[in-house]
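We count residues from 1, following the sequence as given. Heavy atoms only: backbone and side chains are in, while hydrogens, waters and symmetry mates are out.
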Amino acid sequence: MTTVEALINKYDNGLGCAAQTAYQNLVWKGSLDTISFEPTAIKNKLLSLDQPCYIVKVAGNIGVTNDGYLAPAEIGTTGQVELLTSLAPIKIQQLGDPSFLSFYGVQSAYMTGAMAGGIASEEMIIALGKEKILGSFGAGGLPPERLEAAINRIQQALPHSPYAFNLIHSPNEMAIERRAVDLYLKYGVTTVEASAFLDLTANIVYYRVAGLSLNDANQIQIKNKVIAKISRREVASKFMQPAPARIIKELLEEGLITELQAKLAEKVPMADDITVEADSGGHTDNRPLVCLLPSIIALRDEIQAKYHYSQSIRVGAAGGIATPESALAAFMMGAAYVVTGSVNQSCVESGACEHTKQLLAQAEMADVIMAPAADMFEMGVKLQVLKRGTMFAMRAQKLYELYRSYDSIEAIPQAEREKLEKQVFRKTIAEVWEGTAAYLSQKNPEKLGKAVNNPKLKMALIFRWYLGLSSRWSSAGEKGREVDYQIWCGPAMGGFNDWVRGSYLAEPQNRRVVDVAHHIMNGAAFLYRIQSLKIQGMQITDYYSQYQPIR
């Protein structure tokens, strides 16, 4: 049995107290045997998030225990254990907005964002959904039959569990957006993550409004939930307000929505949740989260004051979320939920090939670069990709420079055309165009007709052949094309790799999306505990401030 005398000045465990205790009228009572003074044992006590934590001082030694209880100090009594501070149990459910949990039927304010081309795969969404974690399937760039198959598979696997599907804006091919919306409505997909939108389109409005009705209590029922991923205030504002009257009128005239739904649309915002996308992989404006998130939260408050929605729009954070520290920082800034992206691409369930996963697992924060986007090539829109181990970004930028400099393929100097054929396309330009024309004749004959009479458009389509296939090569693991892999990635990937170095998650074959989610959220809760102790005057060495993933 441990005695007070046995503890006199025995331990130097890196704990100290700089401030006067706020618990002068309370003492801790319990068995001294439950108090830990060794650093490893203390950290284990702090990691027991479901237990209260008491920081006590005994004979000049600071220790930690999860046991015992607090009692009023007894005046004149000696040998009492001094209470320095205490912490209540903490659950990951306490981080973020609790309404996010109830609204989507999830166990934490954490979701995974969509990665196009099925990189955010069926396997990924199903694994997450079974653990009550919301994941968004990467529908962007997939043909309708592939998307339909994914809907069926996910719905069969998750009949009562959460899942979402991505609706990516396609300004050059609006029919793609419409086909996805038609499938979502047909199969009753009730949560959509809308991304890359520059403005509201009739398609996203149709999806939202077609799910509006009144329940038995005469309250508005929102069946089709929308999570809008944005990085600009002007776009966020559109999703935070009711649908535009002109679009509602068009949908009414087409008979796609009812008069009642048109009326109800005036009273609800276009989105239930706004995901603030900072410096992320793929489409991004490279905005700093610490500036962007508070700005969008303030905008939400302005719009809420104007419209008085019964449920205020939640604002979450994405882009750069890859560690417990970054997740906790987002929550402390007011994020209702956090969204991870790049880190999930290196996981077992990802639709990326093994070579891509290995490259991602080796990436550092500086190993990313901006490159032209295939879907918005002519507009000059860029996305963030991995530059380590691939020449895609350099070659894609060269294509855009040629597009800007010349009005047709034929106008490009012969030497440059030969370089394209040998180094980039590995085919003749004629062969690339033949394949492109064959594809468009089946999928978009109208665009093919325009290209025949528009040399600039024809050149763009030829260049987009490479840009479009490069991401598919990365997913399929196309042999011999490794240097051309287009791998969407943000600096968060490097941050994640730094964090898990030396742990079982260092190797991509050990990375599973549910584990990653678990460790990021549990780590954030643990670090909240540590920061709470520091705020209360505790001096804590760096050893206690590190959360390392353990299997």
**OP:** Could you verify whether a donor N or O on one side chain and an acceptor N or O on the other, from Asp367 and Gln362, lie under 3.5 Å apart?
**Re:** no
Subject >> Step-by-step salt bridge (charged side-chain N to carboxylate O under 4.0 Å, His left out) determination, Asp272 to Arg314 >> reply: CA-CA 7 Å; Asp272 305 286; Arg314 290 171 294 266; 5.6 Å; no
Original post:
What pairs with Tyr547 under side chain to side chain donor-acceptor pair (under 3.5 Å), at least two apart in sequence or on another chain?
Top reply: His519
Original post:
Taking only residues at least two apart or on different chains, which pairs with a member in residues 503-516 satisfy salt bridge (charged side-chain N to carboxylate O under 4.0 Å, His left out)?
Top reply: Glu349-Arg512
Subject >> Plane angle bin for Phe165 and Phe137 - parallel if under 30°, tilted between 30 and 60°, otherwise perpendicular >> reply: tilted
**OP:** Would you mind listing every salt bridge (charged side-chain N to carboxylate O under 4.0 Å, His left out) that reaches into residues 318-343, with sequence neighbours excluded?
**Re:** none
Subject >> Qualifying residues under side chain to side chain donor-acceptor pair (under 3.5 Å), relative to Ser470, sequence neighbours excluded >> reply: Gln486
**OP:** Please name all residues satisfying salt bridge (charged side-chain N to carboxylate O under 4.0 Å, His left out) with Lys398, sequence neighbours left out, ordered by chain then number.
**Re:** Glu416
**OP:** Give a yes-or-no answer on whether the side chains of Lys382 and Gln397 include a donor-acceptor pair shorter than 3.5 Å.
**Re:** yes
Subject >> Partner set under ring-ring contact (aromatic ring centres under 6.0 Å, His included) for Tyr403, not counting sequence neighbours >> reply: Phe377
**OP:** Report yes or no: do Glu431 and Thr428 form a side-chain donor-acceptor pair below 3.5 Å?
**Re:** yes
**OP:** With sequence neighbours left out, write down each residue that passes ring-ring contact (aromatic ring centres under 6.0 Å, His included) with Trp499, or none if nothing qualifies.
**Re:** Phe496
Subject >> Donor-acceptor pair between His169 and Asp375 side chains, under 3.5 angstrom >> reply: no
**OP:** Identify, with sequence neighbours excluded, every residue that meets side chain to side chain contact (heavy atoms under 4.5 Å, CB included) alongside Asp182.
**Re:** Arg178, Tyr206
**OP:** Taking ring-ring contact (aromatic ring centres under 6.0 Å, His included) as the test, write out the residues that go with Tyr485, two or more places apart.
**Re:** His355
Original post:
Are a donor atom and an acceptor atom from the side chains of Arg153 and Gln156 found within less than 3.5 Å of each other?
Top reply: no
Original post:
Between Glu234 and Ser237, is any side-chain donor less than 3.5 angstrom from a side-chain acceptor?
Top reply: no
Original post:
Gln548: what forms a side chain to side chain donor-acceptor pair (under 3.5 Å) with it, not counting sequence neighbours?
Top reply: none
Original post:
With Tyr466, which residues qualify under side chain to side chain donor-acceptor pair (under 3.5 Å), at least two apart?
Top reply: Asp484
**OP:** Could you list the residues that satisfy ring-ring contact (aromatic ring centres under 6.0 Å, His included) with Phe100, not counting sequence neighbours?
**Re:** Tyr104, Tyr337
